[in-house]
Amino acid sequence: MAPSNFIRNMIAEDLAADKHGGRVHTRFPPEPNGYLHIGHAKSICLNFSVAAENKGHCNLRFDDTNPAKESQEYVDAIKDNIKWLGFEWHGEVRYSSGYFEYLYRFAVQLIENGLAYVDSLSPDEAREYRGTLTEPGKNSPDRGRSIEDNLELFERMRAGEFEDASYSLRARIDMAAPNINMRDPVLYRIRHIAHHQTGDQWCIYPTYDYTHCISDAIENITHSLCTLEFEDHRPLYDWILNNLDIASLREVSDLGKQDVKYVLPQQTEFAKLKLNYTIMGKRNLKEMVDTGVVTGWDDPRMPTLAGMRRRGFTPASIRNFCESVGVSRSESIVDMSMLEHAIREDLDRNAPRAMCVLKPLKVSLENLDEGHREILSLQNHPKNELMGRRDVPFTRDIYIDRADFEEEPPAGFKRLVAGGEVRLRGSYVIKCMDVVKDANGEITELKCSVDKDTLGKKPEGRKVKGVIHWVSASEGIPISIRLYDRLFNVENPESKDIEDYRDCLNPNSLIEVTGSIVEPSVLNESASPNFQFEREGYFCIDHKDSTENDPIFNRTITLRDSWSA
RNA sequence: UGGGGUGUCGCCAAGUGGUAAGGCACAAGGUUUUGAUCCUUGCAUUCGUUGGUUCGAAUCCAGCCACCCCAGCCA
């Protein structure tokens with residue numbers, strides 16, 4: 001059962017009180033002005049699951065009221081991300097811009113009722129008239145304009161007779177309101193600019209505050225969930241809906257013709273997701289992309305869904321993570337380890353195992369024939385036989401990782417040492433007979449012998465503790481590997497006491513390793529999208545930068561490591 | 001000296017007057033051909049703080065403190 005949170009509780013209460021005639025209808029309303037990140041995932045999961053749990057629906061609505069910042073590219077990417085996460089929105093994709101005509105008519109209605117007026121104050125003047133946090137504002141000289149004049153001017157605004165920002169339509173509320181959002185907020189502004197959905201049909205665009213509540217009402221949304229910073233906007237959300245004629249609102253709503261209880265939507269706010277060691281601000285993320293700090297929105301180090309996907313995160317891991325962080329009203333910063341736990345949990349259960357040597361050290365097994373080759377059948381998953389087996393070629397020359405051999409091992413070292421024994425994973429126990437070095441004293445090769453009586457059984461009379469991974473030298477395939485670490489080396493790069501988040505970048509957030517060797521099965525046509533390279537971590541192929549001759553693998557996450565020298 | 005919020009274990013978080021769930025992290029054991037996984041155990045006499053009400057308070061009341069949001073014709 002889903003954990004309890006204040007929103008689920010509220011919905012349960014609303015249902016019990018039959019507040020919406022048994023309906024639960026939510027919506028995810030992104031502005032298409034950037035890529036979705038893990039913070040959006042929290043909202044997506046919340047909105048979609050809360051609807052599904054109550055046999056309700058969740059719409060996808062692009063809140064596209066500011067064409068200057070938006071584009072079709074983002075619309076497409078957002079739709080793609082949501083589908084990838086595994087959610088299905090109700091019906092067609094919605095656009096706030098799809099309601100522009102209704103919005104216009106409702107604005108006329110407000111004007112007719114003396115609740116909105118056309119203002120000729122410039123943006124700068126409007127700011128002065130607004131007052132401050134502690135001082136009330138003062139009325140615009142245009143506040144008393146007649147309804148007829150307002151109607152005419154608003155129509156001419158729409159007709160394109162005026163320049164940008166020369167007029168605006170404002171709600172007539174209260175310039176002395178302690179809540180600044182209620183000091184005659186702007187409802188419409190003039191922008192002679194094309195819109196990605198409506199082209200040049202419009203030159204006046206409604207603001208978020210005016211649009212959002214009406215769009216919710218049109219879509220018969222019951223619970224309008226948003227983040228905490230919109231809390232102060234709720235009185236305005238309610239003011240607009242309550243000052244419109246409810247019958248005409250109902251009439252244009254999706255369920256207008258149906259015999260359902262028409263109830264105005266209700267906004268509820270929850271805390272945004274913050275993760276330590278990363279940033280979530282769209283502006284900063286965009287800046288990192290634009291200035292080349294990262295390679296793009298889908299850079300595997302980015303907290304974007306596109307980046308995490310490329311990094312190897314699974315939809316299930318992200319959904320589980322969002323569920324595990326919960327939903328509350330207290331602003332919190334979630335520890336990275338929770339995200340890491342979520343992806344490890346999923347991949348441990350579902351990713352097939354394989355062997356890959358990151359930094360190869362050649363080992364020749366001296367007591368095998370030159371052309372020795374045998375096929376070992378290894379289980380793809382140690383606990384799940386259903387995941388099958390694969391053939392792994394075992395040959396006279398193999399590679400092990402340089403880190404798995406030490407001439408002067410630290411205390412507790414369980415791997416290979418000169419004269420010592422170690423188990424080759426899924427294969428034999430070998431003993432190191434000789435260490436070959438070059439002129440610089442660098443180890444270039446190990447000469448070992450195989451205990452042929454140890455395949456699938458313990459050696460007799462002694463214990464061999466260590467198990468290391470290996471790959472056939474002649475049949476392994478060279479690949480490149482990208483190791484990722486957190487992008488920042490401070491917990492909260494966006495905190496107030498940090499001047500510039502760019503000063504806190506982790507210089508080792510990406511380490512490229514070339515010349516790694518992987519067992520051949522990993523590159524099969526039908527290979528799994530994710531692997532655990534045993535003892536190294538979880539990896540996936542990078543579809544963007546890989547070439548036929550140089551496959552590149554991204555390390556999604558390391559294995560937990562309780563030893564780490 | 002305006003308005004709106006939030007404060008429960010290192011990090012999330014449940015709890016809504018009946019005597020502090022859970023997860024992550026961490027620590028200690030056990031199993032293990034991945035120093036992984038898995039299993040077991042431990043981990044808040046205390047809920048920002050000070051008072052008050054009550055047989056009983058994290059939950060109700062009052063004061064105080066800390067932090068967050070708001071002065072875009074952004075969302």
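The figures that follow rest on heavy atoms only: side chains count, while hydrogens, waters and symmetry mates do not. Each chain gets a letter, A, B and so on, in the order the sequences are listed, and its residues count up from 1.
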Worksheet entry | Anti or syn - B:G72, cut at 90° from 0 | syn
At 4.0 Å (heavy atoms only), tell me whether [X] reaches a base, stays on the sugar-phosphate, or touches nothing.
{"X": "A:Gly456", "answer": "base"}
{"X": "A:Lys465", "answer": "nothing"}
{"X": "A:Arg329", "answer": "sugar-phosphate"}
{"X": "A:Asp348", "answer": "sugar-phosphate"}
{"X": "A:Thr132", "answer": "base"}
{"X": "A:Tyr188", "answer": "nothing"}
{"X": "A:Lys496", "answer": "sugar-phosphate"}
{"X": "A:Pro136", "answer": "nothing"}
{"X": "A:Thr65", "answer": "sugar-phosphate"}
{"X": "A:Phe533", "answer": "nothing"}
{"X": "A:Arg353", "answer": "base"}
{"X": "A:Asn5", "answer": "sugar-phosphate"}
{"X": "A:Val327", "answer": "sugar-phosphate"}
{"X": "A:Gly412", "answer": "base"}

Worksheet item: Is there aromatic stacking of A:Trp563 against B:G35, centre distance under 5.5 Å, plane angle under 30°?
Response: yes
If [N] has a Watson-Crick or G-U wobble mate with both distances under 3.5 Å, name it; if not, just say none.
{"N": "B:C60", "result": "B:G52"}
{"N": "B:A44", "result": "none"}
{"N": "B:U6", "result": "B:A66"}

Worksheet item: How many Å lie between CD on A:Glu323 and P on B:C24, as a whole number?
Response: 15 Å
Practice prompt. Check the angle between the aromatic planes of A:Tyr104 and A:Trp202 and answer parallel, tilted or perpendicular using the 30° and 60° thresholds.
Written response: tilted
Fill in: Parallel, tilted or perpendicular, as decided by the 30° and 60° cut-offs, for the rings of A:Tyr208 and A:Phe230
tilted
Discussion item. Distance check, C1' atoms only: B:A20 and B:C43, in whole angstrom units.
Written reply: 14 Å
Discussion item. Please pick, from B:C26, B:A75, B:C70, the nucleotide with the shortest atom-to-atom distance to any side-chain atom of A:Leu133.
Written reply: B:C70
Worksheet entry | Basic-acidic side-chain contact under 4.0 Å: A:Arg390, A:Glu519 | yes
Checking only heavy atoms, does the side chain of [X] share a donor-acceptor pair with the base of [N] at less than 3.5 Å?
{"X": "A:Arg535", "N": "B:U34", "result": "no"}
{"X": "A:Glu536", "N": "B:U34", "result": "no"}
{"X": "A:Asn179", "N": "B:G4", "result": "no"}
{"X": "A:Arg415", "N": "B:G35", "result": "yes"}
{"X": "A:Arg560", "N": "B:U37", "result": "no"}

Worksheet entry | For A:Asn33, the option from A:Lys69, A:Lys282, A:Glu70 that meets side-chain hydrogen bond (donor to acceptor under 3.5 Å, both in side chains) | A:Lys282
